[in-house]
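A quick write-up on the structure given underneath.
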Amino acid sequence: MRLSQQLFVTLRDDPADAEVRSHALMMRAGFMQKLAAGIYVYGPMMWRVLRKVEAIVREEHDKVGAQEMLMPAIQPKELWEESGRWDRYVQDGILFHFRDRKGTEVCLGPTHEEVITTYVKRLVQSYKQLPVTLYQIQTKFRDEIRPRFGLMRGREFIMKDAYSFDTSAEAMAASYTTMRDVYRNIFTRCGLRFTPVEADSGAIGGAGSEEFMVDADTGEDAIAVCRARDYAANVEKASSRISAPDEPESELSMHLEATPNARSCDDLLALFPELPMTRLLKTVLYRAVWDDREQTIAILCRGDRELNEIKIVNHLDCVGLELADEKQVREATGAEPGFAGPIGLADEVHLLADQSVEGVKGFLCGGNQTDMHWLDVWFGRDLEQPETVDFGVVQSGDLMLDSDDVFELTRGIEVGHIFQLGTKYSEAMGATFADENQKIQHMWMGCYGIGVSRVAASAIEQNHDENGMIWPLPIAPYTVHIVQMKAGNEEQDALAAELHDALEAAGIDVLLDDRKKLSPGAKFKDADLVGIPLRVVVGRDAAERMVEYGTRTSEGRDKVSLEEAIEKIKAAIADAGASCS
RNA sequence: CGGGGCGUAGCGCAGUCUGGCAGCGCACCUGCUUUGGGAGCAGGGGGUCGGAGGUUCAAAUCCUCUCGCCCCGACCA
């Protein structure tokens, strides 16, 4: 490909709205263009990258016998009512949905469990047809509450989703294990440094689940990692043992204290500086929503810990959970917001506690009266300890459940997520088969997603410098960038063309910068920005058939003959392939 | 959904407070000179100042409404 024939425009300045490097660099290099919030046009360069990622995804899936197909983006509401997910997705506000000409409610698919389950159940009658794994690569639609970071969190994005169907839990686990290996191979081949983590299965539902996180400080997800045990989990999922609370010096009887305007832990610490955070209990009020009812939930939590709403939603099995508003707080506590406590809540409030409150003695808590808190409260003596559940967020320094090794917190970008769904969807939607004994059973499902466009963005997030992107060779838009110093010079034109044609003939992706009247400096700057891994400079030694060979990151370049350059390029490609397999 | 901010040339921005010729840098076009890390000189083109309404002799600027985009919060009682 000759650059002179491409719509190639680069910008000198970062776009004003780019928050992360991958976004800014791809915009500057013209890889994409924003059409609306979280919605982008992928330019020719970007599309080449995406197709390379897709090709790797396809190869690795096909290798284990998964079969590619394509499902519709538009899905009827009925299907989502069968699985029971319509209300939850609408509640969360992420579903693009509208009425068609006839007035039927439809949505743009954010995922395809309903469609694939319907498809498979109509085809499969017998255990002899299972197992089967199907996948597609397709644009997905999610009306994200806050799209951001360019391709990282878009409202329209490219995703590979795969679904496995098995005859038993054991067989499902085997399919899942196979896919886990497929995922490791894919991300390794894409040149990414990543961490697989145990995860929550969220709105999709199900049991076993693992996320693949690209290591990056700018990642949106926090990960709890235990290096000693080579274990990692999403903080939403991780469970830990936490430090024991401080013991009070003496046992005093419970009493109310005036705490004017002390609505937060910090305010209270200012009033009672001798009280440790571990003996200060927060009472957080939530409004939980189910399909058929709503209830106010109060959750006790130790002052130095934080609550994890995902764990709360999972425990309550509700479709929505949000902090109670001021009116609801007043109804539940009879006080202004800021003074909620476990004693004297309205009858209809359901009181629960995070496990962090266990063993806490002589604590402070809200008084359910404006400007009042209880002090020196003891469970057992002053009130019954509510049911305790792990609702907490793991913090740095927490211990693992089964050892004394500690967690640290890191960040990552979720590029893949695999789930064992079990029979959740097959039961809801009646996907059954006849087993060896003519007995009708539900299929055991797994689902497996990869954010293809997000993989491309995270590759840049992980591989760039102050001058631009540095693509891993297997997913680079082109493999070789020929920088011709002076287009129009006869020797250079001839040599550059010869190299370009020879590489193309060898099946190597090559980009030739043959733009005229552009200074060498400008060409080098553009080459650095675009970040193609291998580089050949055709310049002053062209008459002697000599060129310079280097990489995007090498300090200098070696002066070599054209033939030597081709050999070096082939060797570099073979090397990249070898290190990734 | 709440709070804040911003919409002026393809991109980055100034001008808005205090109403009075619509500007700068990059990019683009023409010519000449340049050519190994974003070349120089000269000339030039490009704007319904997000949109609608209002105030005024006069509106990018003031007022009202509206649309879009960005950031923060959506996590503590």
Side-chain angles (χ1 to χ4, degrees), chain A residues 7-19 23-24 27-30 33-39 91-93 145-150 222 235-236 259 261-268 277 280-286 296 298-310 312 321-326 328-330 332-333 335-342 345 354 356 364-368 370-373 391-393 467-468 483-489 492 515-529 535 537-542 548 556-557 559:
Chain A
L7 267 180
F8 183 73
V9 179
T10 57
L11 302 177
R12 205 178 282 228
D13 301 310
D14 283 351
D17 55 6
E19 286 284 302
H23 185 198
M27 293 295 283
R28 274 186 58 200
Q33 216 178 67
K34 185 167 74 181
L35 202 59
I39 298 176
Q91 184 94 24
D92 288 349
I145 299 165
R146 244 188 93 185
R148 55 175 156 181
F149 300 152
V235 286
E236 292 165 353
T259 52
N261 281 320
R263 292 163 193 270
S264 70
C265 289
D266 288 341
D267 295 340
L268 289 162
M277 283 286 265
L280 200 153
L281 296 195
K282 303 185 273 202
T283 306
V284 186
L285 296 172
Y286 288 99
T296 299
I299 300 187
L300 282 174
C301 177
R302 216 168 78 182
D304 61 323
R305 308 296 300 189
E306 289 175 0
L307 291 176
N308 178 341
E309 292 184 6
I310 305 250
I312 300 169
L321 183 79
E322 52 188 39
L323 287 175
D325 62 29
E326 294 192 4
Q328 291 159 349
V329 171
R330 287 192 194 97
T333 65
E336 286 302 299
F339 304 96
L345 284 169
D354 175 52
S356 62
L364 175 151
C365 62
N368 289 331
T370 302
D371 292 340
M372 299 297 269
H373 279 81
F391 290 135
V393 178
N467 296 316
V483 184
Q484 185 181 343
M485 292 289 87
K486 197 168 180 176
N489 169 294
Q492 289 190 23
R515 292 174 295 170
K516 293 185 173 165
K517 297 195 172 184
L518 202 63
S519 75
K523 291 194 174 188
F524 284 128
K525 287 289 182 194
D526 277 346
D528 287 346
L529 178 61
R535 185 178 302 176
V537 178
V538 175
R540 52 169 88 93
D541 303 314
E548 293 155 49
R557 286 180 286 269
K559 195 192 268 195

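Residue numbers begin at 1 in each chain, while the letters A, B, ... track the order of the sequences.
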So does [Y] get a backbone contact from the side chain of [X], meaning a donor-acceptor N/O pair under 3.5 Å?
| X | Y | value |
| --- | --- | --- |
| A:Arg28 | A:Asp14 | no |
| A:Ser356 | A:Cys301 | no |
| A:Lys523 | A:Gln484 | yes |
| A:Asp354 | A:Phe391 | yes |
| A:Gln492 | A:Lys486 | yes |

Using the [atom1] atom on both, measure [N] against [M] and round to a whole Å.
| N | M | atom1 | result |
| --- | --- | --- | --- |
| B:G51 | B:U61 | P | 10 Å |
| B:G47 | B:G7 | C1' | 14 Å |
| B:C75 | B:C28 | C1' | 50 Å |
| B:A52 | B:C11 | C1' | 28 Å |
| B:A9 | B:G46 | C1' | 6 Å |
| B:U66 | B:G3 | P | 14 Å |
| B:C67 | B:C24 | C1' | 29 Å |
| B:U18 | B:G31 | P | 50 Å |

Can you give me the N/O atom pairs linking the protein to nucleotides 10-13 of chain B at distances under 3.5 Å, or say none if there are none?
unit_1, atom_1, unit_2, atom_2, d
B:G12, OP1, A:Ala16, N, 3.3

Quiz item: Taking the side chain of A:Ala37 as its heavy atoms from C-beta onward, which of B:C76, B:G36, B:C70 lies nearest to it?
Solution: B:C70

Exercise. Go through B:C76, B:G38, B:G36 for me and flag the one nearest to the A:Arg540 side chain.
Key: B:G36

Students often get this wrong, so: under 4.0 angstrom with heavy atoms, is [X] touching a base, only sugar-phosphate, or nothing?
| X | value |
| --- | --- |
| A:Gly366 | nothing |
| A:Glu322 | nothing |
| A:Lys523 | nothing |
| A:Leu323 | base |
| A:Cys265 | sugar-phosphate |
| A:Thr10 | base |
| A:Ala324 | base |
| A:Phe391 | nothing |
| A:Glu309 | sugar-phosphate |

Self-check item: Side chain proximity check, A:Arg535 to A:Asp528, heavy atoms < 4.5 angstrom
Solution: yes

Quiz prompt | A:Lys34 side chain near A:Ile39 side chain, heavy-atom distance below 4.5 Å | solution = no

Considering all heavy atoms of both residues, which atom of [X] and which atom of [Y] are nearest to each other, and what is their separation?
| X | Y | result |
| --- | --- | --- |
| A:His373 | A:Gly366 | CD2-CA, 3.3 Å |
| A:Lys525 | A:Asn467 | NZ-OD1, 4.2 Å |
| A:Glu336 | A:Arg330 | OE2-NE, 3.0 Å |
| A:Asn368 | A:Ala340 | OD1-CA, 3.3 Å |
| A:Pro15 | A:Ala24 | CD-O, 4.0 Å |

Quiz item: Hey, which of these two, A:Ala36 or A:Thr283, hits RNA chain B nearer its 5' end, going by closest nucleotide?
Solution: A:Ala36

Quiz item: Pick the nucleotide of RNA chain B nearest each of A:Val329 and A:Ala522; which residue has the one closer to the 5' end?
Solution: A:Ala522

Please determine, for [N], whether a Watson-Crick or G-U wobble partner exists with both distances under 3.5 Å, and give it or none.
| N | value |
| --- | --- |
| B:C11 | B:G25 |
| B:U18 | none |
| B:C6 | B:G68 |
| B:G46 | none |
| B:G53 | B:C63 |
| B:A39 | B:U33 |
| B:C1 | B:G73 |
| B:A58 | none |

Self-check item: Under 3.5 Å donor-acceptor pair, A:Gln484 side-chain atoms to B:G36 base atoms
Solution: no

Quiz item: Any donor-acceptor pair under 3.5 Å between the side chain of A:Arg535 and the base of B:G36?
Solution: no

When you compare the protein's N or O atoms with those of nucleotides 28-35 of chain B, which come within less than 3.5 Å of each other, and at what distance?
none

